[in-house]
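Shown next, in structure tokens, is the structure this report addresses.
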2 protein chains.
Amino acid sequence: MEYSEKQIAIIKAAEKLFAIKGFDGASVRDIAHEADINVAMISYYFGSKEKLMEAVFEARSSNIRLKIENLLADDKLSHLGKVNVLIDDYVDKFIHQQEFHKIMMREQMIEKDTPIAGLIHDLKKRNLESIKRLIEEGQKKGAFKKNIDVVLMMTTLVGTVSQMITSQYFYKKMNNLEHMEEVEFQKHMRKKLSIHLKNLFKQSLSNEQ
Amino acid sequence: MEYSEKQIAIIKAAEKLFAIKGFDGASVRDIAHEADINVAMISYYFGSKEKLMEAVFEARSSNIRLKIENLLADDKLSHLGKVNVLIDDYVDKFIHQQEFHKIMMREQMIEKDTPIAGLIHDLKKRNLESIKRLIEEGQKKGAFKKNIDVVLMMTTLVGTVSQMITSQYFYKKMNNLEHMEEVEFQKHMRKKLSIHLKNLFKQSLSNEQ
DNA sequence: AAAAATTAATTAAACGTTTGTTTAGTTTTA
DNA sequence: TAAAACTAAACAAACGTTTAATTAATTTTT
């Protein structure tokens with residue numbers, strides 16, 4: 001779907017306000033004001049608030065799967081090296097799309113079969129299958145140990161990054177980083193998470209012990 | 001604060017619906033219906049919807065800190081043993097209070113200085129300080145390695161459990177556990193998370209390598 | 001190329017619902 | 001019989017959406 005400038009502005013505003021206030025907390029008038037357009041334009045372009053949410057989703061849910069497939073094919077990287085790239089990809093994706101991922105987290109908490117819940121499920125399933133292949137490849141070559149629960153592993157990867165983003169203000173305060181500029185702090189988070197997660201997974205995947 | 005039966009019913013209903021639908025998504029009429037009381041009783045007992053949320057918080061935010069303090073004083077457990085008990089406490093607390101923790105997660109995403117945001121912050125800060133002492137004790141005795149980032153460690157602990165709870169339906173499906181009864185599944189989650197997290201932390205805290 | 005006709009974009013206002021809260025009255029409890 | 005518990009109804013405000021009218025852009029006709 002091709003979007004006009006105004007439509008992009010609406011999606012951007014919706015993404016921001018849905019992330020901050022939640023779907024019900026953000027009114028269409030809020031969004032219209034943020035996007036600097038008339039309220040009626042939201043219905044005009046997207047049909048409804050619900051459909052606007054779907055448009056936000058469609059626009060932002062880039063597939064990480066392609067990257068994983070490329071990783072699988074890469075023969076210059078070790079098996080652990082591939083996992084490390086995967087970690088960095090996830091960390092980067094979450095940090096650069098914080099707003100969208102807050103929306104995703106919220107949407108997953110809703111106990112309802114929304115169209116978006118289905119989209120998230122399929123996305124996660126496809127990603128997981130690719131990552132499973134990546135791990136199994138390492139196991140076959142003896143680089144990784146047997147009995148790795150990939151779902152649990154991904155739960156820790158995604159959970160750690162999500163939790164960091166959700167509680168970044170707390171993290172800042174606990175580390176006396178409140179003075180730090182936003183961009184600088186994002187770099188800091190990125191680095192810290194990357195090292196932390198790589199250490200965590202290196203030890204729990206490794207066959208040597 | 002002592003609550004009557006009806007007040008408890010309202011808090012329970014509010015906890016459930018705030019968790020499922022979010023604060024704005026759950027209407028006072030929804031809550032009144034769920035609690036099987038008249039809408040006006042919410043204002044009558046709690047003053048407002050906002051205050052009801054605070055009451056839910058006050059009623060559910062049991063302090064895990066006391067448990068940690070007892071752990072610190074325990075001399076029958078090894079340092080790693082204490083960390084393992086801590087892990088189990090967190091896993092149990094989250095699984096048995098899933099609804100409340102969903103509310104906490106949602107509340108932390110809101111970029112607003114609500115009274116509850118302050119409560120969460122103080123709670124986390126106090127807990128963190130106790131856990132830091134627990135880790136430092138182990139470091140002093142040479143059981144744990146130096147340079148442990150306790151905030152990051154807790155981010156992984158809380159993040160993993162949160163993510164598991166948020167995406168438990170996905171986890172069920174990926175492991176073909178859809179047939180499993182709710183109580184049985186909770187036991188399963190509890191066990192899996194416990195083992196997974198203990199392994200993860202054992203290796204990243206341990207001084208032996 | 002100018003004029004006319006058609007379509008698209010945009011607006012302010014109004015729509016009917018739903019929202020959280022209050023009121024005024026009734027029933028129950030102590 | 002006074003206080004507390006409870007109710008149905010009403011309240012104004014905010015909600016998502018639609019309408020009707022106007023302006024801007026595009027296409028068709030001359």
Side-chain angles (χ1 to χ4, degrees), chain A residues 1-59 103 106-107 110-117, chain B residues 1-59 103 106-107 110-117:
Chain A
M1 182 77 90
E2 289 294 308
Y3 290 122
S4 72
E5 251 181 74
K6 299 246 164 173
Q7 284 170 300
I8 291 168
I10 294 170
I11 289 175
K12 203 171 166 182
E15 182 184 28
K16 178 179 173 182
L17 295 181
F18 285 157
I20 296 174
K21 303 183 169 193
F23 181 77
D24 295 295
S27 73
V28 289
R29 283 172 180 82
D30 283 343
I31 296 166
H33 184 259
E34 173 80 26
D36 203 25
I37 48 102
N38 188 285
V39 229
M41 296 308 292
I42 289 174
S43 293
Y44 178 73
Y45 277 130
F46 299 95
S48 69
K49 191 186 180 185
E50 195 80 46
K51 294 253 187 69
L52 171 58
M53 171 67 119
E54 290 176 41
V56 170
F57 230 82
E58 202 227 309
I103 296 174
R106 273 221 189 76
E107 201 68 21
I110 299 170
E111 282 172 28
K112 214 167 85 186
D113 267 330
T114 59
I116 289 160
Chain B
M1 184 75 88
E2 289 296 309
Y3 291 122
S4 72
E5 251 181 74
K6 298 247 164 173
Q7 284 170 299
I8 290 168
I10 294 170
I11 288 175
K12 203 170 166 183
E15 182 184 27
K16 178 178 171 182
L17 295 181
F18 284 157
I20 296 173
K21 303 181 168 195
F23 180 77
D24 296 295
S27 74
V28 289
R29 282 170 182 83
D30 285 343
I31 296 165
H33 185 259
E34 173 80 26
D36 202 26
I37 47 104
N38 188 285
V39 229
M41 298 307 293
I42 289 175
S43 293
Y44 178 72
Y45 278 130
F46 298 96
S48 70
K49 191 187 179 184
E50 197 93 52
K51 294 254 186 69
L52 170 58
M53 171 66 121
E54 289 176 40
V56 170
F57 232 82
E58 201 224 313
I103 296 175
R106 272 224 184 75
E107 202 67 22
I110 300 170
E111 281 172 28
K112 213 167 86 184
D113 267 330
T114 60
I116 290 159

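In what follows, chains are A, B, ... by sequence order, proteins preceding strands, each numbered from 1. Everything numeric in this text was worked out from a predicted model, so none of it was measured.
- Under 4.0 angstrom from either OP1 or OP2 of D/dA5 there lies at least one side-chain N or O belonging to B/Tyr44.
- Between atom CD of residue A/Glu54 and atom CZ of residue A/Phe57 there is a gap of 10.0 Å, rounded to the nearest 0.5 Å.
- Between the C1' atom of C/dT21 and the CD atom of B/Glu50 lies a distance of 14 Å, rounded to the nearest Å.
- A cation-pi arrangement, defined by a distance under 6.0 Å to the six-membered ring centre and an angle within 45 degrees of its axis, is absent between B/Lys6 and B/Tyr45.
- Distance, B/Glu5 CD to D/dC6 P: 10 Å, rounded to whole Å.
- The interatomic distance linking B/Ile42 (CD1) with D/dT7 (C1') rounds to 14 Å, in whole Å.
- Looking at A/Asp30 and A/His33, their side chains never come closer than 4.5 Å, going by heavy atoms from C-beta outward.
- Computed from coordinates, the B/Tyr45 OH to D/dT7 C1' distance equals 13 Å when rounded to whole Å.
- Across all strands, B/Phe46 comes closer than 4.0 Å to no nucleic acid atom at all (heavy-atom distances).
- To the nearest 0.5 Å, atom CD of residue B/Glu15 and atom CE of residue B/Met53 are 10.5 Å apart.
- At the phosphate of D/dC6, OP1 or OP2 sits under 4.0 Å from a side-chain N or O atom of B/Lys6.
- Contacts of B/Ala26 with the nucleic acid, taken as non-hydrogen atoms under 4.0 Å apart, involve only primed sugar atoms and P, OP1 or OP2.
- Residue-level contact check: A/Ser48 touches the backbone only, with heavy atoms under 4.0 Å from sugar-phosphate atoms and none from bases.
- Straight-line distance from the CE atom of A/Met41 to the C1' atom of D/dT18: 14 Å, rounded to whole Å.
- With hydrogens and angles ignored, the 3.5 Å screen pairs a side-chain donor or acceptor of B/Arg106 with a backbone N or O of B/Phe18.
- The distance between atom CG of B/Leu52 and atom P of C/dT19, rounded to the nearest whole Å, is 15 Å.
- To the nearest angstrom, C1' of C/dA12 lies 14 Å from CD1 of A/Ile37.
- Comparing A/Ala40 and A/Asp30 against DNA chain D, the residue whose closest nucleotide sits nearer the 5' end is A/Asp30.
- Atom CZ of A/Arg29 and atom P of D/dG16 are 7 Å apart (whole Å).
- Residue-to-nucleotide proximity on DNA chain C shows that, of A/Asn38 and B/Ser27, the 5′-proximal contact is made by A/Asn38.
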